[in-house]
There are 2 protein chains.
Amino acid sequence: MARVSQEHLDARRRQILDGAALCFARNGFHATSMQDVLKEVDLSAGAVYRYFSGKEELIAAIVAEVLGQVHDGFEEEARNSPPPPPDILVASVLGRVLATKESLTVDGRPAFPRLVVQVWTETLRNDELAGLLREGYGAVQATWTRIVEAYQETGMMRPDVSPDRVARTMMAAAMGFLAQQALFGPASAEVLGDGLRALMSVQDHSSVNLLETRSN
Amino acid sequence: MARVSQEHLDARRRQILDGAALCFARNGFHATSMQDVLKEVDLSAGAVYRYFSGKEELIAAIVAEVLGQVHDGFEEEARNSPPPPPDILVASVLGRVLATKESLTVDGRPAFPRLVVQVWTETLRNDELAGLLREGYGAVQATWTRIVEAYQETGMMRPDVSPDRVARTMMAAAMGFLAQQALFGPASAEVLGDGLRALMSVQDHSSVNLLETRSN
DNA sequence: ACAACTAAAACGAACGATCCTTCTTTTTGA
DNA sequence: TCAAAAAGAAGGATCGTTCGTTTTAGTTGT
């Protein structure tokens, strides 16, 4: 194939990215060899090295893509106006994130959550990728903090807790549930939504007596 | 040193485990070479291979230890009777987990959260370690589910949500916050506690009007 | 008390395997 | 027919591990 159309070049690049992502989701970035990737994408070394200068660049491309997809999932769902209550918001964000790359599977289970955890570990040893992660995380946290402020301004949530702490907590719930999917297999985002809804019904210590009175 | 005391043997083994854990927290299991470990613990290859049959066994030993420490942190804190409300419980569990191996640091920051995330990725490619993880997680979830049932039976929490979903959600919050510590640096467990307390004050959609009336 | 002895602990050079990458050659599509 | 794309053998580096040697702590004999 000489002088190939741009669509073909793009398709090849995507083919490489998808195959490599599958390998990396299976075994992690550094336990998968280039030959593993070459076998998965069914191409020669010369072909792959025409699209990526090396393994490091391939990893960086996949990390950047995954971070972008997670970022989009978190941000887009938060643009809804007015913002839904936290349980609905977190569950729908998680559902959207889990919907990305659903076709990519590792022995029948979605590979994306696994890939996200692998990306986390890679940002721990690559400062450039760590910068990307912080950038995206900061933007999302800013968005969510504004939503929490709206909760508090409308009297929906107690106003005596710093909004960014609440935002961090909601993101932690989503991140932790994502990790659970990677480690223990798929589960509906509804599980997390139900759990948060139940937590929202708990009164803190100073109000417990009041609630107990009502429920009797 | 021939015929060395058992304490010396144990100390050597621990020295190797600690040095290796530091390396693995820095760079992950498969991006750190044995020579990196040898340099860190300041021993020769022959010495290390006297205590561990190979890299794999060294990794397995560290993974098992980390999983055990996390497990203990989750379980011991939950034995308190009566169980504190969710925000207090989750925060104190996280505080306890973060207190493990506090002396082990990567450029001044605690290495343990990083190590936990690395352990997660290793369980994705080692079925034996995955079994260990599932075992520990299952036990913790059972304990927490019982606590949630207590919440519901005392009228502290709405009873129409499956208790194990709530348990999963609380554990997700803790896991996600742990991941945040690995990725973005240390933070007090109080942050998560405050966030959960704020979430606990949110009324769901059908009750919003009621709360707004009260707050005016 | 001290020197010789011994078995274990530690050393570290070196081996084979595997890794990532390069480069020449072959194939292919325009 | 030609330039681009893909192939795949091979190079150089690094990996995990082994194994013959050296060092050392504890024991024995006098």
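Order of the sequence lines sets the chain letters (A, B, ...), proteins ahead of strands, with each chain counted from 1.
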- Residue mapping more 5' on DNA chain C - nearest nucleotide basis, A:Gly46 or A:His30: A:His30
- Item | Length of the CD-P vector between A:Glu7 and C:dG29, whole Å | 16 Å
- Task: Identify the heavy atoms of A:Asp87 and A:Gly193 that sit nearest to each other, and give their distance.
- Result: CB-O, 3.5 Å
- Rounded to whole angstroms, how far apart are CD1 on A:Ile59 and P on C:dT21? 9 Å
- Message: Tell me the interatomic distance from B:Lys39, atom NZ, to C:dA10, atom P, rounded to whole angstroms.
- Response: 20 Å
- Task: Could you tell me the separation between the CD atom of B:Gln35 and the P atom of C:dA14, rounded to a whole number of Å?
- Result: 14 Å
- Spacing of A:Arg12 atom CZ relative to D:dA6 atom C1', expressed in whole Å: 8 Å
- Item | Phosphate OP1/OP2 of C:dC11 contacted by B:Arg50 side-chain N/O (<4.0 Å) | no
- Message: I'd like to know if the side chain of A:Glu122 and the backbone of A:Gly28 have a donor-acceptor N/O pair within less than 3.5 Å.
- Response: no
- Hey, which sits more toward the 5' end of DNA chain D by its nearest nucleotide, B:Gly54 or A:Asp42? A:Asp42
- Considering only heavy side-chain atoms of B:Leu43, the closest of C:dC11, D:dT17, C:dT22 is C:dC11
- For B:Phe52, report the nucleic acid contact type (base, sugar-phosphate, nothing); a contact means any heavy atom under 4.0 Å. nothing
- Task: Between C:dC20, C:dA13, D:dA6, spot the one nearest the side chain of A:Ala47, thanks.
- Result: D:dA6
- Query: Looking only at atom types and distance, does a side-chain atom of B:Glu190 sit under 3.5 Å from a main-chain N or O of B:Ala91, one as donor and one as acceptor?
  - Reply: no
- B:Tyr49 vs C:dA10: side-chain N/O to OP1/OP2 distance below 4.0 Å: no
- Message: Measure CG/B:Leu38 against P/C:dC11 and give the value in whole Å, please.
- Response: 10 Å
- Query: Charged N to carboxylate O below 4.0 Å: is that the case for A:Lys39 and A:Asp36?
  - Reply: no
- Message: Given C:dT22, D:dC15, C:dC20, identify the nucleotide with an atom nearest to the side chain of A:Ser33.
- Response: C:dC20
- Query: Should A:Ser44 be listed as having a side-chain N or O under 4.0 Å from OP1 or OP2 of D:dA7?
  - Reply: yes
- Item | DNA chain D: 5'-proximal contact among B:Ser53 and B:Ser5 (nearest heavy atom) | B:Ser53
- To the nearest angstrom, how far is B:Arg13 atom CZ from C:dA9 atom C1'? 16 Å
- Write down the atom of B:Val41, the atom of B:Ala20, and the distance for their closest heavy-atom approach. CG1-N, 4.2 Å
- Task: Give the rounded distance in Å between these two atoms: CE of B:Met34 and P of D:dT17.
- Result: 6 Å
